[in-house]
> 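The structure that follows is given in the form of structure tokens.
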2 protein chains.
Amino acid sequence: MQKKNEPTLVGVKEIARRANVSIGTVDRVLNNRTGVADETRNRILEIIKDLDYQPNMMARRLASKKVIRIAVLIPAVSGETGYWEAPLNGIKQAAAEIRDYGVTVDVFLFDQNDRSSFTAKTKDILKATYQGVLLAPMFEEESLDFIARCKTQHLPFVFINSDIAGEESLSYIGPNLYQSGYLAAHLINYITVPGQRVLIVNISKELDLHHHLLRKEEGFRAYFQEHPKAITLDKTDIRKTDYKSVKTKLHKALDDAHADVIFVTNSRVSTVAHYLEETGKTDIRLIGYDFLQDNITALRQGIIDFLICQKPQEQGHKGIMALYNYLVHGATIERQQYMPIDIITKENCFNYKN
Amino acid sequence: MQKKNEPTLVGVKEIARRANVSIGTVDRVLNNRTGVADETRNRILEIIKDLDYQPNMMARRLASKKVIRIAVLIPAVSGETGYWEAPLNGIKQAAAEIRDYGVTVDVFLFDQNDRSSFTAKTKDILKATYQGVLLAPMFEEESLDFIARCKTQHLPFVFINSDIAGEESLSYIGPNLYQSGYLAAHLINYITVPGQRVLIVNISKELDLHHHLLRKEEGFRAYFQEHPKAITLDKTDIRKTDYKSVKTKLHKALDDAHADVIFVTNSRVSTVAHYLEETGKTDIRLIGYDFLQDNITALRQGIIDFLICQKPQEQGHKGIMALYNYLVHGATIERQQYMPIDIITKENCFNYKN
DNA sequence: ACACTCTTCGTTAACGTACACGAAACGTGG
DNA sequence: CCACGTTTCGTGTACGTTAACGAAGAGTGT
């Protein structure tokens, strides 16, 4: 049926035979090294194209003793939030997959509350000899410093989870925050009727993270600007993440104005769920972010209505793979890889893959 | 920080050295072949465990000239429905990924309207020498025949898209139809108010496929049984898939009783969308299945409200990978791999990965 | 013509594993 | 004690590629 092409049967030997040269010469043009006459090189190139030669990756990486090292710089999972566990898992999984190909990945964890720990780790990375870096540029200023150094060292880097526009990263892999806020608004549009009130809740004590939340809120508000509806948007900022602080603030906010729907702009939605459950306000619809255990529990109980999630584990996986494909296969990488925005409810959370 | 284990540096040579034997002997116990004294075997086994030896896959498959062949038996993409294009793409992608490992996959396509084409292809597969089969068992009787033969030939097989319970397949990879209908009901529960009417629409001329739709409808109805709500469920079966027939039937159904929401149990939802657009009934909410171009278009236009999708491409990919992991790595495979049930709306369809 | 440097290319030993072949070592029966 | 079979093991080649080494030829200056 399909053409009778000999699959993978052609190797350097066959090319060498046809070109009347030795495999050494063929190897030189394949890895475009010097020392081949232009005429010979062209002849071999021609034959390679003719044969649609595909190098045998196994043999290639077996023979090449050079090992590729990738550094990863992301926040440690804190009691604060378990979010980074998922990307880390994706990173580990990818690392395991490409370990056989002679790629090792070292993970450096910094403290989200401590800019200096970030800087310290960047120094460690620059000291060692890596061929690529995957990083979460949470602290903008410090990150700019770091990637400036990367550039002088011709060290390719990939951003994960948050982007710094205008910098020549190989790729950005992460959420489209604006769009995810927009989507949340879309969902709320479905489940509300005119006259109702929506409360937007930002819970975060980190300044740089707060920036994330604002981007989502922006998308959220944009939706209702573009789709006018007679609902009222309230908002409360909570700068402490412990339950008591959240409770107090929420109490006040709900006292000021009743809410039919609460939109929490990050994964702390389970804290709000706890509050609603405790106070028996289970008629309030609740939407938040991220497929974390506490959130899933509340989702199952019907306290949280929707979770929005952007596959953090896959983010980590893709981040490593982008570097791998670039470094090993010389592939060109998409500059922006926005993750799909998943909607999770009580009824489809069972088989969700983070 | 982590233990100073030499990664992948240990090979058969090191094991042989420690055991005071040659690599040949080590090789014998690794591939548990005969001809090793029990005492020696145990000694080597011990060392292997000690060193946490991981064989080098590349070298392994390089040296072993045996090639693994996988057969795939799925419906051809017809004008009828483009659905199977997605799984096929996933299969092709997976095939490309493992081609380097000496695995070839041959795809056999049958006609969804012709049972005999299915049988013919199964014969072709059995005639050739495959080590594994991935199939969509759409025709139950014929499939049972086929897998009976597979069993006598010790040919492992994986089901995709639809399952035949009780058969010893390596794995089933596909949707949980019941649950996806249940989810649709859940969504409709959000967007309806008491007193409204929902119309269930089954569009399919194939008998075996119809069975799929019923399973979804079952889940759908179960939801409202478990969550009683004052809404009325109507239903119409449409046994011809051309637009004119659908139009006629829909007209009649909507004439009988007004509908606030229409739930189409498969990917033909775009046909209904077309009807709604043409007749200006755009106030009717519409929910259906699958991330196909026509559906996406209608989704973007706001005619379709929700699409439910179960990653058909990933299904194909996972199907091949299950076989690969089993045949090459001897991994144990999960018996049932239900795909996540994704909810797609106008606002999150951009970055959706099928 | 000689010594020398460059360019161009062939040869060969790895890489880690699989597998065929054959060599010891150890019986066992006569 | 020899012939023969069996068990147990070591050796060598192969897989397709990389990369170091060095040989042959061309060019240059004296």
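Each chain gets a letter, A, B and so on, in the order its sequence line appears, and its residues count up from 1. Quantities reported herein were computed from a predicted structural model and do not represent experimental measurements.
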> Give me the ring orientation class for B:Tyr324 and B:Tyr101: parallel if the planes are under 30° apart, tilted from 30 to 60°, perpendicular past 60°.
parallel
> For A:Ile23, report the nucleic acid contact type (base, sugar-phosphate, nothing); a contact means any heavy atom under 4.0 Å.
base
> Is there a donor and acceptor pair, one atom on the side chain of A:Arg28 and one on the base of C:dG10, closer than 3.5 Å?
yes
> Tell me which residues in residues 35-45 of chain A lie within less than 4.0 Å of DNA chain D, going by non-hydrogen atoms.
none
> B:Ile48 has an atom CD1; how far is it from atom C1' of C:dT17, in whole Å?
13 Å
> If I take atom CD1 in residue A:Ile15 and atom P in nucleotide D:dT18, what distance separates them, rounded to the nearest angstrom?
10 Å
> Contact class for B:Arg33 vs. all strands (heavy atom < 4.0 Å): base, sugar-phosphate, or nothing?
base
> Once you round it to whole Å, what is the distance between C1' of C:dT12 and NZ of A:Lys13?
13 Å
> Answer yes or no: is there an ion pair linking A:Lys353 with A:Glu314, defined by an N-O contact shorter than 4.0 Å?
no
> Rounded to whole angstroms, how far apart are NZ on A:Lys66 and P on C:dC15?
17 Å
> Quick check: do B:Leu135 and B:Phe159 have side-chain heavy atoms less than 4.5 Å from each other?
yes
> Of all the choices, D:dT11, D:dT18, D:dC15, which nucleotide is nearest to the side chain of B:Ala63 once you look at every atom?
D:dC15
> To the nearest Å, how far apart are B:Met58 CE and D:dT18 P?
13 Å
> For B:Arg69, is there any backbone N or O sitting under 3.5 Å from a side-chain donor or acceptor partner on B:Thr104?
no
> Starting from C1' on C:dA18, measure out to CG on B:Asn56 and report it in whole angstrom.
13 Å
> Rounded to the nearest Å, what distance is computed from the NZ atom of residue B:Lys65 to the C1' atom of nucleotide D:dG16?
12 Å
> Within the structure, does a side-chain N or O atom of A:Arg60 lie under 4.0 Å from either OP1 or OP2 of D:dT18?
yes
> Measure from the side-chain heavy atoms of B:Thr25 and tell me the nearest of D:dC9, C:dC15, C:dA18.
D:dC9
> Taking 4.0 Å as the cut-off, does a side-chain nitrogen or oxygen of A:Tyr53 come that near to OP1 or OP2 on D:dG16?
no
> When the ring planes of A:Phe110 and A:Phe139 are compared, do they come out parallel, tilted or perpendicular, using 30° and 60° as the limits?
tilted
> Answer yes or no: is there an ion pair linking A:Glu14 with A:Arg17, defined by an N-O contact shorter than 4.0 Å?
yes
> Would you call B:Arg335 and B:Asp163 a salt bridge, taking side-chain N to carboxylate O under 4.0 Å as the test?
yes
> Atom CG of A:Leu62 to atom C1' of C:dG16: distance rounded to whole Å?
5 Å
> Would you say a side-chain N or O of A:Ser64 is under 4.0 Å from OP1 or OP2 of D:dT18?
no
